[in-house]
Amino acid sequence: MTTRGGQWLVAVAWALAALGCGHGTALRPAPKGAVRAEMALGGPIAHVNSAITTPLPLSTAGASYGVSDRFDVSAHAHLTALMFGVAGLDVGSTALLLGGGRWALAGTGRLYGFAELQRGQPRLYLEAQLAPSVQVVPGWLSAFASATALVQFAGGPPIPALGAGAQVQLGAAALQGEWRWYGMATPTQFVVVDWWRVGGQGAWGVLFSASYRFEGPGGAP
């Protein structure tokens with residue numbers, strides 16, 4: 001990889017952190033006593049060159065643990081950013097705010113930490129998300145929407161994002177896809193990355209995620 005290419009990728013990693021992407025939407029907390037292994041892949045769509053327009057393959061991996069029937073705690077590593085010299089970790093929690101039967105409103109909060117491995121320069125971000133969902137086919141198919149705000153501790157206004165998608169439940173496993181409009185209030189026509197944007201604002205993106213639930217003692221099979 002060329003030096004210029006490496007610098008572009010580092011710039012991408014920082015831009016993605018600033019847009020608050022890398023996680024699939026949490027529809028509900030992990031059940032009490034259960035561990036839910038989670039992976040996500042995708043991100044904002046960029047014009048890489050005149051012939052290629054693609055979602056950037058940003059990936060995260062981690063797990064959530066159900067502390068009670070109403071909330072969990074979680075931690076994730078940002079794997080793709082690490083490949084290009086930017087270490088990223090986050091810790092957070094998802095809570096069931098309303099509902100819990102066929103429909104639900106979940107709230108998620110995460111604290112992100114990023115740092116370049118060679119130069120340090122740590123940066124912190126705080127993310128809050130609300131996600132209403134409904135089981136279209138109970139126990140199998142859910143549809144959801146999301147609204148997210150990312151707070152930059154280094155300064156600047158919160159960065160919003162909107163999303164919508166669907167989740168397929170396959171026993172203890174779940175597959176999820178969603179469409180996002182990252183930073184729709186942020187001008188992106190003059191940034192280093194040529195995002196697929198709307199009216200010069202934010203970046204369209206897609207995310208795919210998968211999870212598998214490991215039940216604790218006494219949990220459902």
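- One hydrophobic cluster, built from ILVMFWY side chains closer than 4.5 Å, cannot hold both Val67 and Leu96; they sit in different ones.
- Put simply, the side chain of Arg28 gets close to the backbone of Gly100: a donor and an acceptor are under 3.5 Å apart.
- Side-chain contact between Glu38 and Ser209 is absent, with no heavy atoms from C-beta onward closer than 4.5 Å.
- The CD atom of Glu127 sits 10.5 Å away from the CG atom of Leu111 when rounded to the nearest 0.5 Å.
- The side-chain hydrogen bond (donor to acceptor under 3.5 Å, both in side chains) test applied to Ser59 returns Thr80, not counting sequence neighbours.
- In the hydrophobic clustering of ILVMFWY residues, with side-chain heavy atoms under 4.5 Å counting as a link, Leu170 and Tyr212 come out apart.
- At a threshold of 4.5 Å between non-hydrogen side-chain atoms, the residues Arg102 and Pro138 count as touching.
- Partners of Gln176 according to the side-chain hydrogen bond (donor to acceptor under 3.5 Å, both in side chains) rule, which considers only residues two or more places apart in sequence or in another chain, are Gln167, Glu178.
- In this structure, Lys32 and Asp69 approach most closely via the heavy-atom pair CB-OD1, 3.3 Å.
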Distance-only criterion, 3.5 Å: show the donor-acceptor pairs between side-chain atoms of residues 82-93 and protein atoms not counting sequence neighbours.
{"residue": "Asp90", "atom": "OD1", "partner": "His23", "partner atom": "NE2", "Å": "3.4"}
{"residue": "Asp90", "atom": "OD1", "partner": "His76", "partner atom": "ND1", "Å": "3.3"}
{"residue": "Asp90", "atom": "OD2", "partner": "His23", "partner atom": "NE2", "Å": "2.7"}
{"residue": "Asp90", "atom": "OD2", "partner": "His78", "partner atom": "NE2", "Å": "2.8"}
{"residue": "Ser93", "atom": "OG", "partner": "Asp72", "partner atom": "O", "Å": "2.4"}

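- The two residues Arg180 and Ser146 have their closest heavy-atom pair at NE-OG, 4.1 Å.
- Residue Val168 is grouped with residue Val137 when hydrophobic side chains (ILVMFWY) are merged at heavy-atom distances under 4.5 angstrom, including chains of intermediate members.
- Separation of atoms CG (Leu162) and CH2 (Trp181) is listed at 7.5 Å; rounding is to 0.5 Å.
- One distance of note links CG of Leu150 with CZ of Arg110; it measures 11.0 Å at 0.5 Å rounding.
- No donor-acceptor contact under 3.5 angstrom links the side chains of Ser74 and Arg36, judged on distance only.
- When every heavy atom of Glu215 is checked against every heavy atom of Ala34, the shortest pair comes out as OE1-CB, 3.8 Å.
- Through direct or relayed side-chain contacts under 4.5 Å between Ile, Leu, Val, Met, Phe, Trp and Tyr, Phe144 connects to Leu27.
- Tyr125 and Ile159 fall within a single hydrophobic cluster, where Ile, Leu, Val, Met, Phe, Trp and Tyr side chains are chained together by heavy-atom contacts under 4.5 Å.
- Taking both residues in full, the closest heavy atoms of Ala106 and Thr94 are given as CB-CG2, 4.1 Å, listed atom of the first, atom of the second, then distance.
- Smallest separation of non-hydrogen atoms from Ala61 and Leu79: CB-CD1, 3.9 Å.
- Residue pairs meeting the side-chain hydrogen bond (donor to acceptor under 3.5 Å, both in side chains) criterion with at least one partner in residues 129-145, sequence neighbours excluded, are Gln129-Thr148.
- Side-chain contact between Leu175 and Phe208 is absent, with no heavy atoms from C-beta onward closer than 4.5 Å.
- The shortest non-hydrogen separation linking Leu130 to Gly107 is CD2-CA, 4.1 Å.
- A ring pair (Phe, Tyr, Trp, His ring centres under 6.0 Å) check over residues 160-179, counting only residues at least two apart or in different chains, returns the pairs Trp179-Trp196, Trp179-Trp204.
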